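For reference, the structure is listed below as structure tokens.
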Protein chains: 2
Amino acid sequence: MQSFTEENYLKIIYHLSQNNDEAVQTNAIAERMQTKAASVSDMIKKLAEKQLINYKKYQGVKLTITGKLAAINIIRKHRLWEVFLVEKLNFKWDEVHDIAEDLEHIRSADLIERLDEFLSFPKSDPHGDPIPDKEGNFDSIPFRKLNKLKIGDEGLIMGVSEHSPPFLRHLEKLGLTLGRKVRITEIIDFDGSVELTVDQKKIIVSREVAKHILIRH
Amino acid sequence: MQSFTEENYLKIIYHLSQNNDEAVQTNAIAERMQTKAASVSDMIKKLAEKQLINYKKYQGVKLTITGKLAAINIIRKHRLWEVFLVEKLNFKWDEVHDIAEDLEHIRSADLIERLDEFLSFPKSDPHGDPIPDKEGNFDSIPFRKLNKLKIGDEGLIMGVSEHSPPFLRHLEKLGLTLGRKVRITEIIDFDGSVELTVDQKKIIVSREVAKHILIRH
DNA sequence: TGATTTTTTTAGATTTGTCTAAACATTTAG
DNA sequence: CTAAATGTTTAGACAAATCTAAAAAAATCA
Ligand SMILES: [Mn+2]
Ligand SMILES: [Mn+2]
Ligand SMILES: [Mn+2]
Ligand SMILES: [Mn+2]
């Protein structure tokens with residue numbers, strides 16, 4: 001069994017290695033963990049000894065199968081707790097991440113299976129991220145980033161790739177919540193801002209915001 | 001804010017100082033914490049520095065008002081989580097304590113108030129223990145231990161003073177659950193075993209078991 | 001290619017919570 | 001009231017996770 005700290009390292013390494021199958025760099029981990037490269041080096045050795053990552057000096061790290069499953073399990077718990085907080089305790093989607101950061105480390109397989117059942121086996125969390133099943137499998141729904149769409153394109157908002165409360169509150173205020181149908185009406189040349197219609201209303205989001213809105217169409 | 005370890009010390013000191021207003025001894029804390037007296041001495045100094053306990057060398061410790069409130073708050077969280085686990089996730093009363101030992105350290109006042117509301121503000125936990133409100137107030141219902149009753153006495157089971165899974169499963173099997181009405185039909189001279197009727201059935205519990213069953217009558 | 005910059009690792013401390021062994025204080029018993 | 005037993009504290013070490021500063025390796029650039 002891993003410590004909370006080790007679990008957080010595994011989770012961050014997993015997220016950093018998403019899509020690209022390349023090794024994850026020490027500095028990248030340090031930045032995400034809000035710690036120093038020296039601390040990461042120390043921890044990396046420990047995780048390698050425990051066979052949770054493969055590591056050669058100066059070569060970066062990759063999760064082993066065991067490490068990957070451990071990481072996915074923590075993510076599963078995080079997302080299920082987020083669903084609980086929003087669906088059952090009426091938190092807003094911008095309020096749940098930090099609490100889930102703590103809850104994800106509660107260690108009881110039984111608890112999490114029962115929570116899953118209590119929530120009726122949700123497939124995705126309040127931010128649209130998929131919830132892995134207890135074997136670690138999940139389908140990643142194909143999406144496109146809003147800033148890559150063209151005028152006239154339309155689709156459904158099915159997730160966000162940025163989870164900070166200010167960003168989420170901004171979307172909420174604009175009515176850009178999960179499942180909403182949007183259509184691109186204009187792309188402003190000057191700065192790449194995107195104008196779109198949601199619910200008959202025209203709104204504008206900056207390129208930076210558009211980048212983090214995931215659309216299925 | 002305190003560490004998990006500090007929180008556990010506070011909670012144990014609170015429990016050990018219940019009823020008797022005497023100072024709590026180092027060795028008693030060590031036993032409950034499953035640690036050594038030397039470690040307790042170290043921690044005691046730290047808690048005293050933080051003004052959570054009053055402490056004079058060799059004199060044992062007492063919680064300050066701040067310390068007592070901190071302890072009660074952890075107990076509040078523990079008991080609310082136990083209610084959640086039993087009422088919402090269908091755990092048995094003997095399965096929830098260990099999980100609640102972890103959940104009680106989750107730090108979010110908002111979370112716990114919403115949980116309280118979600119559970120409809122329960123007054124007691126699955127073992128009959130009272131749940132303090134957010135100001136730390138709770139009524140301790142008067143009770144008598146089953147082994148102190150006389151033949152012919154009757155009353156309701158309103159709590160247990162022992163929370164180990166084997167004990168709780170034993171009671172469950174005998175039908176001795178919270179709220180049940182019992183009447184003492186005999187007390188065996190030889191070993192103090194108690195014979196009683198529950199639900200028309202006659203059953204026998206040892207003196208040791210009777211000691212931990214709390215009766216209101 | 002050789003120099004410079006960036007990235008990573010090591011060396012040596014620090015903090016938290018723990019331990020054993022030994023010293024010291026208090027309580028109990030004769 | 002002294003001696004033994006019990007309870008508590010101190011001294012010194014250790015493991016986990018972190019840090020700063022400096023050394024070493026790799027990548028980039030001229
Ligand atoms: Mn989250
Ligand atoms: Mn999420
Ligand atoms: Mn409990
Ligand atoms: Mn309880």
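Every chain is numbered from 1 and lettered A, B, ... according to where its sequence line falls, protein lines coming before strand lines. Computed from a predicted model, the values in this text were never measured in an experiment.
Here side chain to side chain donor-acceptor pair (under 3.5 Å) pairs that include residues 132-146 of chain B, with residues two or more places apart or in two chains, are R144(B)-H217(B). Evaluation of the side chain to side chain donor-acceptor pair (under 3.5 Å) test over residues 113-124 of chain A, restricted to residues two or more places apart or in two chains, returns R76(A)-E113(A), R76(A)-D116(A), D110(A)-R114(A). For residues 53-66 of chain A, no residue pair satisfies the side chain to side chain donor-acceptor pair (under 3.5 Å) rule, not counting sequence neighbours. Applying the salt bridge (charged side-chain N to carboxylate O under 4.0 Å, His left out) test to every pair with at least one member in residues 27-40 of chain B, sequence neighbours left out, gives no pairs at all.
Across the protein-nucleic acid pair, Q34(A) atom CD and dC19(D) atom P stand 10 Å apart, rounded to whole Å. A straight line from CE of M43(A) to P of dA15(D) spans 16 Å, rounded to a whole angstrom. In this structure, the CD atom of E31(B) is 10 Å from the P atom of dG7(D), given to the nearest Å. A straight line from CG of L47(B) to C1' of dT9(D) spans 16 Å, rounded to a whole angstrom. Put simply, NZ on K56(B) is 17 Å from P on dA25(C), counting in whole angstrom units.
Base engagement by S41(A) is indicated by at least one non-hydrogen atom pair under 4.0 Å involving a base atom. Using a 4.0 Å heavy-atom criterion, one finds that K45(A) contacts the sugar-phosphate atoms exclusively.
Here N8(B) pairs with H105(B) under the side chain to side chain donor-acceptor pair (under 3.5 Å) rule; sequence neighbours left out. Looking at residues two or more places apart in sequence or on another chain, you find a side-chain contact (heavy atoms from CB on, under 4.5 Å) between I74(B) and E7(B), K11(B), E104(B).
Contact annotation: T26(B) does not reach the phosphate of dG7(D) (side-chain N/O to OP1 or OP2, under 4.0 Å). The phosphate of dT6(C) has neither OP1 nor OP2 within less than 4.0 Å of any side-chain N or O from N27(A). A sub-4.0 Å separation between OP1 or OP2 of dC19(C) and a side-chain N or O of T35(B) is present. OP1 or OP2 of dT18(C) has not a single side-chain nitrogen or oxygen of S39(B) nearer than 4.0 Å. Contact between the side-chain N/O atoms of Y9(A) and the OP1/OP2 oxygens of dA16(D) is not found at any separation under 4.0 Å. Of the side-chain N and O atoms in Q25(A), none sit less than 4.0 angstrom from OP1 or OP2 of dT7(C). Using a 4.0 Å cut-off, some side-chain N or O of K36(A) falls inside it from OP1 or OP2 of dT20(D).
The side-chain hydrogen bond (donor to acceptor under 3.5 Å, both in side chains) test with H127(A) singles out one residue from H97(A), E82(A), H163(A), and that residue is E82(A).
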Pull out every protein N or O sitting under 3.5 Å from an N or O of nucleotides 23-29 of chain D, one pair per line with the distance.
residue : atom : partner : partner atom : Å
dA25(D) : O4'  : Y58(A)  : OH           : 3.4

Criterion ring pair (Phe, Tyr, Trp, His ring centres under 6.0 Å) on F84(A) and F84(B), from CA distance to verdict: CA-CA 12 Å; F84(A) 169 72; F84(B) 169 72; 5.1 Å; yes
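With rounding to the nearest 0.5 angstrom, the CD1 atom of I187(A) is 7.5 Å from the CG atom of L149(A).
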Report, one line per pair, each donor and acceptor closer than 3.5 Å where one atom sits in a side chain of residues 165-172 of chain A; sequence neighbours left out.
residue : atom : partner : partner atom : Å
R169(A) : NH1  : D94(A)  : OD2          : 3.1
E172(A) : OE1  : W93(A)  : NE1          : 3.3

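Between D42(A) and Y55(B), the residue whose closest nucleotide on DNA chain D is further toward the 5' end is Y55(B).
Near DNA chain D, defined here as any heavy-atom distance below 4.0 Å, there are no residues from residues 66-75 of chain B.
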